[in-house]
Amino acid sequence: MEQQEYATGAARTAGGTSDGCTGGAGRGTTAAVVVVRGSGPGPRVAPGSLIVPGTGADAPQDAAPVRDSGSPSVAGLSPDPGLLRLARWFAEAEPGTADDLCAASLGLYPARHFGAPAGPVGGPATAAPAAVDPAAAAPPAAEVSWWHGPTAHIPAPLRAREPRPAGGPRRARRDAAALPVVLSGAKPGKPGRHRKPERSRGAGTVPQDRSAATTAAERRIAARLLLAHPLVTASGPHADGFPLIRRHRDWLAERFDTLLGYRLAVGPWHARLHKAGLGPGATRRLEHPATGAPFTPGCYAQLALALALLVDAPERLPLDGLLAAMDAVRPGPGPGSVARPADRAELAMAFAVLADWQVLTGLPAAALADPAAAGPTVLTVDRELARAVPVGPPALADDATDLIRRAAEAEPGTAVRRRLAETPAVLAADLPEDQRAWLRDHGRTGPAALADFLGLEAEQRAEGVALLDPAEELTDLALPGADTAAQAALLLVERLVEEVRPLPGETAGTDVPVPDALIDGVLGDIADEYGLPAGWRRDYLADRTALRRDALDLLHRMGLITPAPRGTRPPGWLLRAPAARYAPAPDLLPAPGTGRHSRPDPDLTIPAPSAPRAGQPV
């Protein structure tokens with residue numbers, strides 16, 4: 001049987017229209033076929049029942065499962081050939097390519113956005129004459145560079161913040177005295193979740209109908225939850241948002257399809273937003289749900305191998321049988337080669353993620369630490385969730401690179417909106433010519449429609465556009481953050497911008513080179529100045545190499561720095577224009593008489609001292 005044909009009910013991922021507001025979806029895009037047998041929703045069956053794949057009803061049977069003729073039977077399990085192929089690609093991939101391949105084939109990455117908005121364009125630096133309207137005097141936001149525009153300078157937190165709640169959509173903490181309460185069905189006296197504060201109404205404005213406001217708020221909560229967690233279950237950590245997704249599933253499915261080309265599948269027990277890939281260099285990776293350790297290519301290979309066996313597994317499955325089947329079908333590093341034995345740490349990472357997704361339940365703590373040493377254990381397999389995890393088209397791709405490319409294909413408007421919805425900032429210089437032209441022509445309407453859908457705020461600059469989330473909920477990474485690496489990263493990027501930011505009038509590109517020696521020197525000064533007073537982790541203070549690695553990794557994943565192209569000598573990093581939004585406004589012309597060795601002029605008024613640097617004692 002051809003690999004393209006064993007998918008039961010192929011699901012297509014298509015892009016929307018160019019303006020994102022009207023018309024149907026799916027025109028001018030390349031279809032991506034989900035190659036997992038029995039991917040359609042089916043009824044839950046009693047424990048111990050066996051499933052006959054390919055019947056269309058997934059009815060319980062007493063006989064053994066029917067297997068594809070091309071899939072070998074191992075320990076009573078029939079592996080999915082497309083996922084076996086994916087496991088081989090993972091095993092052969094480099095670390096960065098494996099991360100991109102995971103985003104393309106699973107699409108389970110969360111959205112990532114900046115939080116604090118910058119000040120108004122033309123801000124408080126210079127007072128306009130009374131006869132001139134300051135708003136009219138200020139240049140348009142789209143003509144202001146991030147290098148010299150308003151900043152969102154936030155002092156680095158030098159004490160631990162209140163920990164983020166573990167489950168459910170977080171309620172945005174807002175100052176009730178400063179911001180109006182929105183009509184979103186929230187408890188009396190409290191602001192609604194995931195809502196931008198509404199503008200103050202004039203004296204003669206008719207109040208919005210409460211039912212309409214409640215519906216809009218629920219839809220926004222559900223949309224944000226799906227974008228942050230593409231797989232939501234009725235019994236998982238985000239179960240309180242699942243009823244909202246089911247209630248508004250038709251509207252959500254239409255908007256996700258039109259704006260982003262994403263397919264939304266909602267069943268009785270789970271909701272799955274089928275995200276597309278982000279292309280090469282997406283900086284998205286799976287991590288251990290408890291420790292945050294990043295997945296390696298071997299971990300990804302073990303995950304794909306387990307999924308290949310679980311999509312058609314019986315609901316009750318012995319752990320040792322699953323491990324034996326994985327050993328039997330594990331691909332080697334090359335065609336015809338012998339597979340190496342499974343690494344126990346890689347197995348533990350894969351099983352921890354499967355348990356976190358609720359594909360596997362009944363795993364004891366010992367199995368999460370070392371599945372091979374867990375002893376006799378019977379697992380409960382949720383085939384629906386196992387089939388809902390893969391979204392990419394491995395059967396249609398020639399290799400991993402081709403799959404990453406195919407999964408990111410879309411018409412220009414859909415591709416740009418995906419970047420806006422999923423990444424901190426979209427820079428025109430990073431886009432192909434057709435997408436750059438779309439962003440130039442729809443620089444206001446395109447981001448505005450998406451911002452309204454997700455409750456975000458658009459920040460337009462000369463280099464590109466960023467959609468901000470002031471509530472800091474729709475992001476998997478926080479900057480500023482409470483941990484040592486995040487604090488060091490914020491202080492580091494602030495000082496790097498001060499050192500290398502182009503002067504006004506200079507030709508300021510998107511990226512500015514930063515020598516490695518400058519990074520080492522600045523980070524060393526920061527650690528000496530803030531480390532002990534701020535209570536930074538002692539292992540970081542003792543190992544500056546680890547602090548440098550993790551701080552740069554966070555800045556890279558947030559899109560504020562990027563490695564210099566290969567072949568650059570000496571190798572280093574490039575500071576990106578959005579990094580300047582986190583630095584204090586530049587003081588290009590210091591006031592006379594305030595230098596270190598100068599005597600103050602009594603005829604001059606001494607200006608007030610500037611605000612202290614992040615964490616600096618007053």
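- Side-chain atoms of V381 and P314, non-hydrogen and from C-beta on, never get closer than 4.5 Å to each other.
- In plain terms, the two heavy atoms of G455 and D469 that are nearest each other are O-OD1, 4.4 Å.
- Screening H238, Q358, R272, H270 for a side-chain hydrogen bond (donor to acceptor under 3.5 Å, both in side chains) with T233, the sole residue that qualifies is Q358.
- Looking at V311 and R383, their side chains never come closer than 4.5 Å, going by heavy atoms from C-beta outward.
- Proximity of L360 to F351: side-chain heavy atoms (C-beta onward) are separated by under 4.5 Å at one or more points.
- Here the straight-line distance linking atom CG of L323 with atom CG of L347 works out to 6.5 Å at 0.5 Å rounding.
- Across all their heavy atoms, A355 and L368 have their closest contact at CB-CD2, 4.1 Å.
- No donor-acceptor contact under 3.5 angstrom links the side chains of W269 and E384, judged on distance only.
- Although no hydrogens or angles enter the test, the distance criterion places no donor-acceptor pair under 3.5 Å between the side chain of H248 and the main chain of W251.
- Of the possible donor and acceptor atoms, none in the side chain of D476 sits under 3.5 Å from a partner among the backbone N and O of R112.
- Residues E287 and R285 are paired through a salt bridge, judged by an N-O separation under 4.0 Å between the basic side chain and the carboxylate.
- Annotation: side chain of L467 is in contact with side chain of H113 (closest heavy-atom distance under 4.5 Å).
- Scanning all heavy atoms of the two residues, the minimum distance from S105 to F90 falls at OG-CZ, 3.9 Å.
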| field | Audit row: T401, L101, side chain to side chain contact (heavy atoms under 4.5 Å, CB included) steps and yes/no | value | CA-CA 8 Å; T401 303; L101 184 58; over 6 Å; no
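- Closest approach of A306 to L354, counting heavy atoms only: CB-CD1, 3.7 Å.
- The one candidate from L310, D80, D312 that meets the side chain to side chain contact (heavy atoms under 4.5 Å, CB included) condition with R387 is D312.
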| message | Please determine whether side chain to side chain contact (heavy atoms under 4.5 Å, CB included) holds for the pair L309 and L317, giving the CA-CA distance in whole Å, both sets of side-chain angles, and the decisive distance to 0.1 Å. | response | CA-CA 11 Å; L309 295 163; L317 178 64; over 6 Å; no
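- D250 is not listed as a side-chain neighbour of E254, based on a closest heavy-atom distance of 4.5 Å or more.
- Between Y300 and F295, the angle of the ring planes lies from 30° to 60°, which puts this pair in the tilted group.
- For R247, the side chain to side chain donor-acceptor pair (under 3.5 Å) partners at least two apart in sequence or on another chain are E218.
- For D553 and R549, the salt-bridge test fails: no basic side-chain N is under 4.0 Å from an acidic carboxylate O.
- Smallest separation of non-hydrogen atoms from P297 and A98: CG-CB, 4.0 Å.
- Minimum heavy-atom separation, L307 to A386: CD2-O, 4.1 Å.
- Taking the side chain as every heavy atom from C-beta outward, I404 and D100 approach each other to under 4.5 Å.
- Ring-plane geometry between F256 and F453 is classed as perpendicular, the angle between the planes exceeding 60 degrees on a 0 to 90 degree scale with a lower cut at 30.
- For E94 and T97, the side-chain atoms include no donor-acceptor pair closer than 3.5 Å.
- Side-chain contact between L552 and H556 is absent, with no heavy-atom pair separated by less than 4.5 Å.
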| Working for salt bridge (Lys or Arg N to Asp or Glu O under 4.0 Å), residues D483 and R537 | CA-CA 9 Å; D483 64 334; R537 284 171 42 182; 6.0 Å; no
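- When side chains are defined from C-beta on, V232 counts as touching H229, because their heavy atoms get closer than 4.5 Å.
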| said: Determine whether D516 and R548 satisfy the following criterion, salt bridge (Lys or Arg N to Asp or Glu O under 4.0 Å), listing intermediate values before the conclusion. | reply: CA-CA 11 Å; D516 269 350; R548 182 188 194 274; 3.0 Å; yes
| request: Begin from the C-alpha positions of K275 and L108 and carry the test side chain to side chain contact (heavy atoms under 4.5 Å, CB included) through to its verdict. | output: CA-CA 7 Å; K275 291 189 176 186; L108 282 169; over 6 Å; no
| Checking side chain to side chain contact (heavy atoms under 4.5 Å, CB included) for the pair L264/V266: CA distance, chi angles, key distance, verdict? | CA-CA 6 Å; L264 175 62; V266 182; 3.8 Å; yes
